[in-house]
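So that the names make sense, note that chain A is the first sequence line, chain B the second, and so on, each numbered from 1.
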2 protein chains.
Amino acid sequence: MNDATANSHAKILEVAEALYARRGFAGVGMRELAEAAGLGKSSLFHHFRSKVQLYLAVVERVLARVEERVQPILTAHAPAAERLDRWIDALVDAFAEQPASARLLLRALFEEDEFDAADWPEGQAAERRLANVLDGITRLLQQGMRAGEFRAASAPHVVQTLIGATIYHFASGEIGERLLGGPLLSAEAVRARKAEMKQFLHYGLAARPASSDEGGQS
Amino acid sequence: MNDATANSHAKILEVAEALYARRGFAGVGMRELAEAAGLGKSSLFHHFRSKVQLYLAVVERVLARVEERVQPILTAHAPAAERLDRWIDALVDAFAEQPASARLLLRALFEEDEFDAADWPEGQAAERRLANVLDGITRLLQQGMRAGEFRAASAPHVVQTLIGATIYHFASGEIGERLLGGPLLSAEAVRARKAEMKQFLHYGLAARPASSDEGGQS
DNA sequence: GTCTATATCACGATAGAC
DNA sequence: GTCTATCGTGATATAGAC
């Protein structure tokens, strides 16, 4: 693959990420996408055999960026609580620096039944990366619980909460900005979100002696 | 409006909710939708003037169900912590009993830029209901903080976390089921999610004396 | 590797019979 | 209130020149 081809690929993936994040798989046509990338529709089909393959390549690339940021933290020599803080920082950074990625990933979770991602190599790679990330953070939480750094809780449920709280926040757009009363992606807002999330988990997972009414359910 | 018309409306909204939740606004055609509802495409346009109006009517109906469940709790005579527990129970119940609604709402947050919801009465009603729900839970959290039941935190950030943790969980589908190792919507799984969320908030928001390292940021 | 031209099909929406 | 038929448009994808 020569430089010109590689550059076209990157450019296409870039504009496709932004468009798919805004209107989803079905909402973006190959014609519109080609024009936004600065070439003809047929040229697009030269680079990607089908719309599904292009879409999955975009998703895979986003997940690769996330995985690249968070996975190294898991094996650091540090207490689980400290690694968790750094993991949250890294995940937030990944979403904040590429504003389209949170929406794209959130949509991708649901659009998987418009086609079968397992039929395409890009889809298999994407699923593998997602599984790695989820598996890694689950193990980290379990390590912290076994070590007594965190209270006993369901690690998978905490992961669901952690992912939901992060990805929803950065995908929430106007709704989130109206609630917060300001921008979601400014440096200050990103810093604030990291601090709130880490503090919430610090309290929410802290090991402490049992009290009389803890875990009460209505 | 006679009974036949009302029944058609309800049936259409029902099948549209399921389809839009699965494939989104752009991914579902009026023809497919009409056939799923058991009538011809043109008959659909007799009940709803356009695809956008039908879609917004579906979203509005889902938000109405959520609002109906959670709003009465806000004004109950009970401590904020207890009302928060009941609010979480009600929100989870709303999503769990209508499995499509979490995905539909999550998608609706992003599909708002395929058209302008404010141009349609159904869209205005939906936005009003959403604002009511978010405003109500924000006030409840602020009441609890002022009363000293909760620690001082950013109420809007807690709302973002709470909404994200709930809606993402029930929209996560196969990903969530693989992580949890079981179904998401069984009575037992719903009960477990409620307990985990309430316990997490119980710890995460509990007022307590300041310790030396709380809120530490990396 | 990019283009024009085209094939085939589905889309949202409307007209008008019944 | 439901139907058939149709309009105009845009969808994904391919063929083949350059």
| For the pair made of NZ in Lys41(B) and P in dT2(D), what is the distance, rounded to whole Å? | 16 Å
| query | Hey, does Phe150(B) have a side-chain heavy atom less than 4.5 Å from the side chain of Val158(B)? | reply | no
| field | Separation of dC11(C) C1' from Arg31(A) CZ (nearest whole Å) | value | 15 Å
| Ser43(A) side-chain N/O to dC3(C) phosphate OP1/OP2 under 4.0 Å | yes
| said: What's the closest nucleotide to the side chain of Met30(B) if the choices are dT12(D), dG12(C), dT4(C)? | reply: dG12(C)
| task | Sort out for me which residue in Glu122(B), Glu68(B), Glu67(B) forms a salt bridge (Lys or Arg N to Asp or Glu O under 4.0 Å) with Arg129(B). | result | Glu67(B)
| Nearest of dA13(D), dT2(D), dT2(C) to any side-chain atom of Ser50(A)? | dA13(D)
| query | For dC3(C), does either OP1 or OP2 sit under 4.0 Å from a side-chain N or O belonging to His46(A)? | reply | no
| task | Run through Arg23(B), Arg22(B), Arg107(B) and flag the one making a side-chain hydrogen bond (donor to acceptor under 3.5 Å, both in side chains) with Glu111(A). | result | Arg107(B)
| Nucleotide dT4(D), atom P - distance to CG of Leu39(B) in whole Å | 12 Å
| query | With a non-hydrogen cut-off below 4.0 angstrom, is Val28(B) in contact with a base, only sugar-phosphate, or nothing? | reply | sugar-phosphate
| task | Would you kindly give the CZ-to-P distance between Phe45(A) and dG1(C), to the nearest whole Å? | result | 17 Å
| message | Can you see if the side chain of Ser8(B) gets near the phosphate of dT2(D) - specifically, an N or O under 4.0 Å from OP1 or OP2? | response | yes
| said: I need the Leu13(B) CG to Arg61(B) CZ distance, nearest 0.5 Å. | reply: 5.0 Å
| query | So, are Glu196(B) and Arg193(B) salt-bridged, with charged N and O less than 4.0 Å apart? | reply | no
| Starting at CG of Leu54(A) and ending at P of dA11(D), how long is that distance when rounded to a whole Å? | 15 Å
| Tell me: CG of Leu44(A) to P of dA11(D), nearest whole Å? | 13 Å
| message | Any donor-acceptor pair, under 3.5 Å, between the side chain of Ser42(A) and the base of dA13(D), if you only look at N and O atoms? | response | no
| query | Tell me: CZ of Phe48(B) to P of dG12(C), nearest whole Å? | reply | 15 Å
| Taking atom P of dG1(C) as reference, at what distance in whole Å does atom CG of Asn7(A) sit? | 11 Å
